[in-house]
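Read the structure below first, then the notes.
Just so we're on the same page: letters track the sequence lines, and every chain starts at 1.
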4 protein chains.
Amino acid sequence: MKPSMEEKKRLKRDRIFRAASKIFSEKGYFETTVADIAKEAGVSFGTVFTYFETKEMLYETVILEQLEEIKPHFLDIQGTFTGDPMEIITAMVDRHVTIFSEKSEFLRLVQQVLARLDRYPALFEELDSFVSDFIESVSPVLEEGQKMGVFYPDPHDLLAHSYMSTLNGMRLTYIDDPSNLRLWEALKIQAIRLFGPYHHPDGARKW
Amino acid sequence: MKPSMEEKKRLKRDRIFRAASKIFSEKGYFETTVADIAKEAGVSFGTVFTYFETKEMLYETVILEQLEEIKPHFLDIQGTFTGDPMEIITAMVDRHVTIFSEKSEFLRLVQQVLARLDRYPALFEELDSFVSDFIESVSPVLEEGQKMGVFYPDPHDLLAHSYMSTLNGMRLTYIDDPSNLRLWEALKIQAIRLFGPYHHPDGARKW
Amino acid sequence: MKPSMEEKKRLKRDRIFRAASKIFSEKGYFETTVADIAKEAGVSFGTVFTYFETKEMLYETVILEQLEEIKPHFLDIQGTFTGDPMEIITAMVDRHVTIFSEKSEFLRLVQQVLARLDRYPALFEELDSFVSDFIESVSPVLEEGQKMGVFYPDPHDLLAHSYMSTLNGMRLTYIDDPSNLRLWEALKIQAIRLFGPYHHPDGARKW
Amino acid sequence: MKPSMEEKKRLKRDRIFRAASKIFSEKGYFETTVADIAKEAGVSFGTVFTYFETKEMLYETVILEQLEEIKPHFLDIQGTFTGDPMEIITAMVDRHVTIFSEKSEFLRLVQQVLARLDRYPALFEELDSFVSDFIESVSPVLEEGQKMGVFYPDPHDLLAHSYMSTLNGMRLTYIDDPSNLRLWEALKIQAIRLFGPYHHPDGARKW
DNA sequence: TATGAATGAGTCTTCATTCAT
DNA sequence: GATGAATGAAGACTCATTCAT
């Protein structure tokens with residue numbers, strides 16, 4: 001096969017992948033037909049099966065590959081963010097909320113999966129270990145912040161879990177307008193407050 | 001119709017209703033068949049259509065009626081809970097988290113709907129106005145707490161929205177075991193912290 | 001049973017009968033539900049089965065009983081109409097077309113049956129012998145008219161069959177407005193012309 | 001798509017089309033199942049939906065396409081038949097009755113539709129304008145014949161309507177045996193008589 | 001006798017997947 | 001590799017009929 005052939009194949013796979021992500025996130029797994037995806041991708045629906053064995057595998061692939069993309073932002077907290085613990089958490093929350101506000105397509109998919117975890121065991125396992133890895137990654141920061149007295153003295157897994165809950169919940173609370181900056185900014189602060197009391201940088205009040 | 005007849009009808013409708021709630025919450029709308037529900041309810045599938053016009057109407061009814069049941073706990077905050085603002089919010093969160101931990105079936109259904117809001121316009125509207133009404137109901141308490149300086153000085157709708165986000169998110173974060181008391185207790189505290197800094201009642205530390 | 005009881009039963013049967021005739025003629029056999037008929041008759045659909053064993057028997061009864069009603073007008077031509085042959089035929093056609101223009105409900109039912117003769121063997125036999133009996137009844141008149149030279153010299157069954165065809169066809173040709181008198185009058189003359197040349201009573205022309 | 005492929009598709013569509021025409025005409029719309037048609041056509045029932053969107057569209061298509069086929073025989077009277085007016089009408093009737101005697105399958109379908117015109121609005125409109133167009137096409141011939149005194153001096157639309165009625169009625173009057181030539185010949189003469197007095201070519205009598 | 005709840009056979013329709021071209 | 005025709009499993013829904021009340 002000529003290199004250009006491989007390149008062409010890669011591009012076509014990508015077209016199908018992106019079409020699937022879009023349509024699945026909009027209509028959910030069951031109301032999406034393979035024909036829908038093929039049409040969006042501009043290929044015949046037979047071609048979809050050339051690149052992905054079944055509809056179900058396509059769905060899982062679409063989610064898992066995008067999860068890989070965002071992993072670095074969650075699994076190397078200390079390598080990615082610097083400063084004192086509150087600065088690290090603030091930067092982390094900022095990054096995460098920004099990612100989620102931009103990746104609403106992916107987040108919708110995650111919601112769908114979370115609503116049917118037993119239905120997708122492979123995805124469940126992946127998401128579960130993702131959360132575990134995140135806890136492990138953020139733990140040292142929490143530890144230090146707790147020692148310094150700027151974070152609540154609760155167990156790390158609880159803090160991390162409720163943070164993940166809140167991130168997830170954000171998308172659910174009817175926020176589909178990524179341009180609603182005021183809301184997203186406010187949600188960032190609310191997320192930070194899960195770790196420790198937080199006052200607005202510009203606030204006159206202190207807590 | 002004789003009273004005993006009406007009573008029997010009511011009971012059978014209820015059997016179907018509860019079967020539907022169970023199966024829908026477990027398998028989602030599309031993977032649930034009307035036959036599944038009928039079997040769980042112990043009736044012929046034709047009977048399901050005697051009580052509910054279509055599968056879709058059954059789904060909506062199951063959600064809307066249960067939403068009505070929990071509404072009082074959200075829409076009359078001041079009539080239901082007493083004390084100073086922090087005491088009211090604490091009691092409210094306690095009640096809400098308890099309800100949600102017990103109504104995990106219903107919450108799953110809500111997750112499903114939230115993941116496909118455009119698919120269920122009637123449900124969307126209902127949930128949307130539910131949230132608005134809650135904000136209105138909780139607003140006076142927040143106002144007072146903010147004056148007293150125990151709550152964050154953010155706009156009420158933001159505080160309330162992030163609270164609802166967090167409640168929603170809780171169910172998503174893999175908590176299906178209602179007996180996991182430690183986790184639920186911790187989540188309550190996290191929820192309270194969205195409104196203002198909070199320390200454990202038994203904590204030695206003060207914030 | 002008190003006479004009033006029998007009377008009441010007869011009335012109720014009649015209500016169902018008339019409702020069935022109306023709805024069947026409008027929607028046809030298959031798109032009519034027993035519930036439709038019951039609703040039109042103002043009874044519960046269970047009651048329909050008290051008076052008629054099955055939906056199919058109700059359909060047949062509705063047609064056969066109305067066929068009996070119009071039979072006298074077809075089966076005793078010489079006893080009913082008087083005059084010379086052309087006068088008899090003219091009066092007969094007038095009577096028949098008038099009946100059909102008024103009994104459009106019944107005629108619709110007959111069309112339905114004629115379109116599916118093999119489906120309703122009992123009705124077929126009844127209609128077939130009705131036509132035979134009509135031919136026999138009209139035959140002496142045709143005989144005499146042919147001798148006098150005012151009717152075409154064709155076999156009686158052909159003349160009679162094409163007359164019946166034309167009567168049937170009339171309803172088919174989009175005539176649902178019984179008040180369209182000009183049309184019905186014209187169709188009468190056309191029907192007479194199947195037996196022999198005919199000029200308008202007021203026509204200046206002679207044929 | 002290769003030409004052979006298109007050819008194969010056309011043939012298969014045709015097989016389904018003819019099977020549908022046969023079964024629909026025999027059993028009517030409602031008693032015909034798509035499975036019946038598929039079986040008659042020798043394909044899987046899923047294949048029927050590859051070629052026709054719904055059962056209803058298949059029904060309409062079957063009727064409309066066959067209507068198109070017979071249209072030329074009705075809508076270009078003067079271009080198709082030659083001679084004096086009576087010769088034209090005689091040839092036309094001969095052609096029409098022959099078509100109808102051979103197309104009894106199609107005629108049955110038309111009866112079904114005429115018995116439920118409101119049920120099939122698209123078909124109604126088509127049939128209605130077909131009749132109008134026929135009247136327009138035959139009108140000049142009637143005009144000339146009337147001037148010559150060989151046709152009845154009635155309005156063209158009445159003559160044409162009763163002619164159509166009679167053609168329709170023919171099929172209704174229990175004539176399913178296309179080989180019953182004597183009957184069909186007789187009916188042709190009856191049809192001609194709707195336009196003007198007519199004697200058998202071989203008749204000694206004159207009218 | 002009247003009612004209407006219960007039943008389940010029967011049908012259209014959708015759509016993932018296969019496979020010949 | 002790409003296409004799309006063919007397949008048939010699966011499911012929602014209708015409705016005549018039964019029968020307990």
Side-chain angles (χ1 to χ4, degrees), chain A residues 1 5-6 8-9 12-13 29-38 42-58, chain B residues 1-6 8-9 12-13 16 30-38 42-58, chain C residues 1 5 8-9 12 29-38 42-58, chain D residues 1-6 8-9 12-13 16 30-38 42-58:
Chain A
M1 199 191 297
M5 271 296 268
E6 281 192 43
K8 254 167 78 179
K9 277 188 62 177
K12 187 162 287 193
R13 181 192 185 279
Y29 180 77
F30 290 101
E31 284 192 298
T32 296
T33 70
V34 176
D36 288 338
I37 295 169
V43 300
S44 121
F45 71 85
T47 306
V48 173
F49 292 96
T50 306
Y51 292 88
F52 302 90
E53 277 196 42
T54 64
K55 181 188 175 186
E56 181 128 3
M57 280 195 50
L58 173 54
Chain B
M1 203 192 303
K2 279 184 288 185
S4 66
M5 194 59 179
E6 283 193 38
K8 254 173 78 178
K9 273 191 70 173
K12 185 157 287 189
R13 181 190 186 280
I16 295 168
F30 290 102
E31 282 192 300
T32 296
T33 70
V34 176
D36 287 339
I37 294 169
V43 300
S44 128
F45 75 87
T47 303
V48 174
F49 291 99
T50 303
Y51 291 88
F52 302 91
E53 279 195 43
T54 62
K55 181 188 175 186
E56 181 129 2
M57 279 196 50
L58 173 53
Chain C
M1 198 191 299
M5 272 296 268
K8 255 168 77 180
K9 278 187 60 175
K12 187 163 285 192
Y29 180 77
F30 290 102
E31 284 192 298
T32 296
T33 70
V34 176
D36 287 339
I37 294 169
V43 299
S44 120
F45 71 86
T47 305
V48 174
F49 291 97
T50 306
Y51 292 88
F52 302 91
E53 277 196 43
T54 64
K55 181 188 176 187
E56 181 128 4
M57 278 195 51
L58 173 55
Chain D
M1 201 192 303
K2 279 185 289 185
S4 67
M5 193 59 177
E6 284 193 37
K8 253 172 79 178
K9 274 192 67 172
K12 186 158 287 190
R13 182 192 186 278
I16 295 168
F30 291 102
E31 283 193 300
T32 296
T33 70
V34 176
D36 287 340
I37 294 169
V43 299
S44 129
F45 71 85
T47 303
V48 173
F49 291 99
T50 304
Y51 291 86
F52 301 92
E53 279 196 40
T54 62
K55 181 188 175 186
E56 181 128 1
M57 279 196 49
L58 173 53

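Taking only side-chain nitrogens and oxygens, B/Lys12 comes nearer than 4.0 Å to OP1 or OP2 of E/dA6. Neither OP1 nor OP2 of E/dA5 sits under 4.0 Å from any side-chain N or O of B/Lys8. Between F/dA2 and A/Tyr51, a contact under 4.0 Å exists linking OP1 or OP2 to a side-chain N or O.
The separation between A/Phe30 atom CZ and E/dA16 atom C1' is 12 Å, rounded to whole Å. What separates CD of D/Glu53 from C1' of E/dT14 is a distance of 13 Å, to the nearest Å. Rounded to an integer number of Å, the gap from D/Glu6 CD to E/dT21 P is 16 Å. With rounding to whole Å, C/Glu56 atom CD is found 15 Å from F/dC15 atom C1'. Spacing between atom CZ of D/Arg13 and atom P of F/dA6 amounts to 13 Å, rounded to whole angstrom units. Whole-Å rounding puts the B/Asp36 CG to F/dG11 C1' distance at 10 Å. Atom C1' of nucleotide E/dT18 and atom CZ of A/Phe52 are separated by 19 Å, given to the nearest angstrom. We find that NZ of A/Lys55 is positioned 15 Å from P of E/dT14, with the value rounded to whole Å.
Side-chain proximity of D/Thr33 to E/dT1, F/dA5, E/dC12: nearest is E/dC12.
The nearest pair of heavy atoms linking B/Val48 to B/Val43 is CG2-CG2, 4.3 Å.
To the nearest 0.5 Å, atoms NZ (D/Lys55) and CZ (D/Phe45) are separated by 13.5 Å. Atom-to-atom distance recorded for D/Arg13:CZ and D/Lys9:NZ is 10.0 Å, nearest 0.5 angstrom.
With sequence neighbours excluded, no residue forms a ring-ring contact (aromatic ring centres under 6.0 Å, His included) with D/Tyr51.
For the segment residues 42-49 of chain B, residues with any heavy atom less than 4.0 angstrom from an atom of DNA chain E are, sorted by number, B/Val43, B/Ser44, B/Phe45, B/Gly46, B/Thr47.
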Inset, instruction - For DNA chain F, just give me the dot-bracket, please: Watson-Crick or G-U, both distances below 3.5 Å, ( ) intra-strand, [ ] crossing earlier pairs, | paired with another strand, . unpaired. - result: .||||||||||||||||||||
Inset, instruction - Take B/Leu58 and B/Val34, measure what side chain to side chain contact (heavy atoms under 4.5 Å, CB included) needs, and give me the verdict at the end. - result: CA-CA 10 Å; B/Leu58 173 53; B/Val34 176; over 6 Å; no
